[in-house]
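Comments concern the structure below.
Within every chain, numbering begins at 1; the chains are lettered A, B, ... in the order of the sequence lines, protein sequences first and strands thereafter.
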4 protein chains.
Amino acid sequence: MGKKRGQKYEAIIDAAVKVIAANGYHHSQVSKIAKEASVADGTIYLYFKNKEDILISLFEEKMGQFVQKSKEKLDKEVSIEKKLFMLIEMHLMQLEEDHNLAIVTQLELRQSNKQLRNKINEVLRDYLGLIDSILVDGVKEGVFPASLNARFARQVIFGAIDEVVTNWVMKEHKYELVPLAKPLHDMLLNGLKK
Amino acid sequence: MGKKRGQKYEAIIDAAVKVIAANGYHHSQVSKIAKEASVADGTIYLYFKNKEDILISLFEEKMGQFVQKSKEKLDKEVSIEKKLFMLIEMHLMQLEEDHNLAIVTQLELRQSNKQLRNKINEVLRDYLGLIDSILVDGVKEGVFPASLNARFARQVIFGAIDEVVTNWVMKEHKYELVPLAKPLHDMLLNGLKK
Amino acid sequence: MGKKRGQKYEAIIDAAVKVIAANGYHHSQVSKIAKEASVADGTIYLYFKNKEDILISLFEEKMGQFVQKSKEKLDKEVSIEKKLFMLIEMHLMQLEEDHNLAIVTQLELRQSNKQLRNKINEVLRDYLGLIDSILVDGVKEGVFPASLNARFARQVIFGAIDEVVTNWVMKEHKYELVPLAKPLHDMLLNGLKK
Amino acid sequence: MGKKRGQKYEAIIDAAVKVIAANGYHHSQVSKIAKEASVADGTIYLYFKNKEDILISLFEEKMGQFVQKSKEKLDKEVSIEKKLFMLIEMHLMQLEEDHNLAIVTQLELRQSNKQLRNKINEVLRDYLGLIDSILVDGVKEGVFPASLNARFARQVIFGAIDEVVTNWVMKEHKYELVPLAKPLHDMLLNGLKK
DNA sequence: CATGAATGAGTCTTCATTCAT
DNA sequence: TATGAATGAAGACTCATTCAT
């Protein structure tokens, strides 16, 4: 497996996002993904160990970009409050920009066995670390109380954002997502402060 | 289908929870559930339309009890703040009481197709309505600002609680869940109040 | 697996012999065997663990009968010489009676991996034991010299008979096999006696 | 196809023997043989028509040398008895010298379809002719009775030697093979004479 | 001559569901 | 109601072979 890189690799990942978003993971046969990517079935296996590996790689690839972009944005901000806002907005923005990806991350990717779920959590760790760092810095700077349990607060933040996105996906993207960044930020910041 | 009622009906539901928690959704064959319930494979189909129907019924049954118990508790409280606390605590308590059920609701039940997921959301609506009513009453009583978007706030609340429970399940119930009710309540109430 | 017994079990074994003899092991798809046996593909797996297990079971079943019949015949003889003749004749006779089985045992069954081959040798052990007992008795009775290495002699005997049968199969049963019992017996007995 | 000759041709044959002996025929993919031979997969097809052709060529090549060497040895002998002994000893010796080749000829090469088996028999014909000539000469010289059926006797001889070698391979070469030449010779010569 | 990325036909096995008893 | 033997559709994966470079 010459994994990672190569336009075929990218093509298969993109095809997978499209096919899985449209049909759901369990109705996304490897042959369907191959067809969408305009490669032979067997070619898939030159780039991925098995079907599950497509899913993992997809998540790694997309989540990597996701975290990268978020980081870049955050680095330009100094205020903790704005950093938190930026994080929320970027989260909503990036998923709103790619409806298919949103469907896959919010719905289809959860349809997985314990093993895959652990893999996903591993990948997710980077992003959660990003939230943590904001919280820790916030405590240092006195924006959040010293008593704040960062790990716990991070769960609340992530859970809230995630649920808002999931609802948006479930409602079939009927409304705009990014404008929800402000009320989300208000509520979370308020909840954390004092 | 003589659906609903009959001890075999209950036995199959309980067997399903046990088997799915132990083996994961995709390794929980109908025959395995039948064996655990001490009935023949075919008997399953006298009580359930198909395999998916077991899942839906399981969720209806357990969620029905869940909501019922929560309602009863909440009715005994008058203060909005305490109602919200009660809701959170009951949520955590009931899932902590039944580890298998927690695994099924937090992890395995999400491994489903769009159709089943819609069914689940239908069932969930009752519970979300419970949260809504607290929020609406809170606005009326002036505990929450009139500007509060109940639907949105409910997503934040549910998302936060849900994520906390999911984390607990993923960490294999290594710590106690109910004590997290207080910090959760503090944070959420704070976030809502303003 | 309710293995062993049941007319379906027998039907599948017999179908397998027929299909494998006609098409060769590697072109005998499970579905082809199922069709020949007039059962569904899945039914095969109620009686056999996997495709290879059909082959093993086939050999166990047929070889069991083969050895059983040979034993019964041998028990009726007292003279060592005649016992050896009976063994050879029965060997040739039983395979001549069932051309398909002969093809399978002489050709197709050898197309197997080390693991299966060991299984086959296990099954074969009974038959080789039969040869051994004749040789040991022969030494006791003074028909064969005390210096006779039974294990070695058995290999020579089995190898000779086996090769004669294989040649007959390769020549597509163009001539009669049983008449070869006498010259085979002459040669082997002569070779052993000294 | 520039078949026959070229060091790559030899390298591929030798790689095939090694790989097949180590992994068994069915786990010896063309790519594995190519790797072992340090050539590209496609290069195989410059020297061999297809995978099966590797096997046939392997057998032709090795068997050719085998027969050649045996012939040379036999030509130095005049006595029929010694010729038979030489043949047996050379057979055992050459296979004992190359364990991998022995595995391939005794076990893996039998895992083939009818077509390939016929090809192999064709190649084998030369060797069987060698045995025949000893028998025919033996009859002429009066060492064997005029009634001897050479074709039949050859099967017995070949079957006996072959089985002895196969047993040795199956027992994973735990004992020495060449010393069995004498008892084999004794037994076979005795059986033929009279 | 040599390469090796790409192809795609081919098949074993699982398991939800049925139905004769 | 209850049984469980039987069904058969469906799909991931392998690997011999090709061909553009």
Side-chain angles (χ1 to χ4, degrees), chain A residues 1-2 6-9 12 26-35 37-54, chain B residues 1-2 6-9 12 26-35 37-54, chain C residues 1-2 6-9 12 26-35 37-54, chain D residues 1-2 6-9 12 26-35 37-54:
Chain A
M1 256 188 302
Q7 44 179 359
K8 291 246 157 94
Y9 177 80
I12 293 166
H26 286 297
H27 292 103
S28 297
Q29 297 86 337
V30 170
S31 62
K32 217 181 257 175
I33 296 174
K35 199 169 187 183
S38 301
V39 298
D41 292 18
T43 303
I44 299 267
Y45 292 88
L46 295 177
Y47 293 89
F48 302 91
K49 210 165 69 244
N50 50 37
K51 189 183 173 183
E52 198 166 77
D53 190 36
I54 304 178
Chain B
M1 247 189 308
Q7 46 179 354
K8 292 223 163 138
Y9 176 80
I12 293 167
H26 286 297
H27 292 105
S28 296
Q29 298 84 342
V30 170
S31 63
K32 216 180 254 175
I33 296 173
K35 197 170 187 184
S38 300
V39 299
D41 292 18
T43 304
I44 299 265
Y45 291 86
L46 297 174
Y47 292 90
F48 302 91
K49 207 163 76 242
N50 51 37
K51 189 184 177 184
E52 198 165 78
D53 190 34
I54 304 178
Chain C
M1 253 188 302
Q7 44 180 357
K8 291 246 157 92
Y9 177 80
I12 293 167
H26 286 297
H27 291 106
S28 297
Q29 297 86 338
V30 171
S31 63
K32 216 180 256 176
I33 295 173
K35 198 168 188 183
S38 300
V39 298
D41 291 18
T43 303
I44 300 268
Y45 293 86
L46 296 177
Y47 293 90
F48 302 91
K49 210 164 68 245
N50 50 38
K51 189 183 175 185
E52 196 166 78
D53 190 36
I54 304 178
Chain D
M1 245 189 310
Q7 47 179 355
K8 292 223 164 136
Y9 176 81
I12 293 167
H26 285 298
H27 293 106
S28 297
Q29 296 84 341
V30 170
S31 62
K32 214 179 257 174
I33 295 173
K35 197 169 186 183
S38 301
V39 299
D41 293 18
T43 304
I44 299 265
Y45 292 86
L46 297 174
Y47 292 89
F48 302 91
K49 207 165 72 242
N50 50 36
K51 189 182 177 185
E52 198 164 78
D53 189 36
I54 304 177

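- Ring geometry, H26(A) versus H26(B): the interplanar angle falls from 30° to 60°, so the pair is classed tilted.
- Nearer the 5' end of DNA chain F, as judged by each residue's closest nucleotide, is the contact made by A40(C), out of A40(C) and K51(D).
- Summarising the geometry, the separation between NZ on K32(B) and P on dG4(F) is reported as 19 Å, rounded to the nearest angstrom.
- Distances shorter than 4.0 Å separate none of the side-chain N or O atoms of S31(D) from OP1 or OP2 on dC15(F).
- Between the CZ atom of F48(B) and the P atom of dT17(E) there is a distance of 13 Å, rounded to whole Å.
- Here the C1' atom of nucleotide dT7(E) and the NZ atom of K35(A) are 16 Å apart, to the nearest Å.
- The residue among V30(C) and D41(D) whose nearest nucleotide of DNA chain E is located toward the 5' end is D41(D).
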Legend entry - Pair pattern of DNA chain E in dot-bracket, where unpaired bases get dots and | marks partners in another strand, Watson-Crick or G-U under 3.5 angstrom: .||||||||||||||||||||
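- In this structure, OH of Y45(D) is placed 7 Å from P of dT18(F), rounded to the nearest angstrom.
- Residues I12(D) and I33(D) come closest through the heavy atom pair O-CG2, 4.0 Å.
- The OH atom of Y45(C) sits 6.5 Å away from the CD1 atom of I54(C) when rounded to the nearest 0.5 Å.
- For the pair V39(D) and S28(C), both in contact range of DNA chain E, the more 5′-proximal nearest nucleotide belongs to V39(D).
- Nearest nucleotide to the T43(C) side chain, out of dT7(F), dA16(F), dT11(E): dT7(F).
- Applying the 4.0 Å criterion to OP1 and OP2 of dA2(E), one finds that K8(D) has a side-chain N or O inside that range.
- D53(D) approaches Y47(D) most closely through the heavy-atom pair OD2-O, 4.5 Å.
- To the nearest angstrom, P of dT13(E) lies 9 Å from CD of E52(C).
- Annotation: the span from I44(A) atom CD1 to K8(A) atom NZ amounts to 11.0 Å, rounded to 0.5 Å.
- Protein atom CG of D53(A) is 10 Å distant from nucleotide atom P of dC13(F), rounded to whole Å.
- Rounded to whole Å, atom P of dT1(F) lies 12 Å from atom CD1 of I12(B).
- At whole-Å resolution of the value, CG in L46(D) and P in dT17(F) are 14 Å apart.
- Within 6.0 Å of the NE2 atom in H27(A), the count of heavy atoms belonging to other residues, nucleotides or ligands does not exceed 12.
- Within the 4.0 Å cut-off from OP1 or OP2 of dC1(E), not a single side-chain nitrogen or oxygen of Y47(D) is found.
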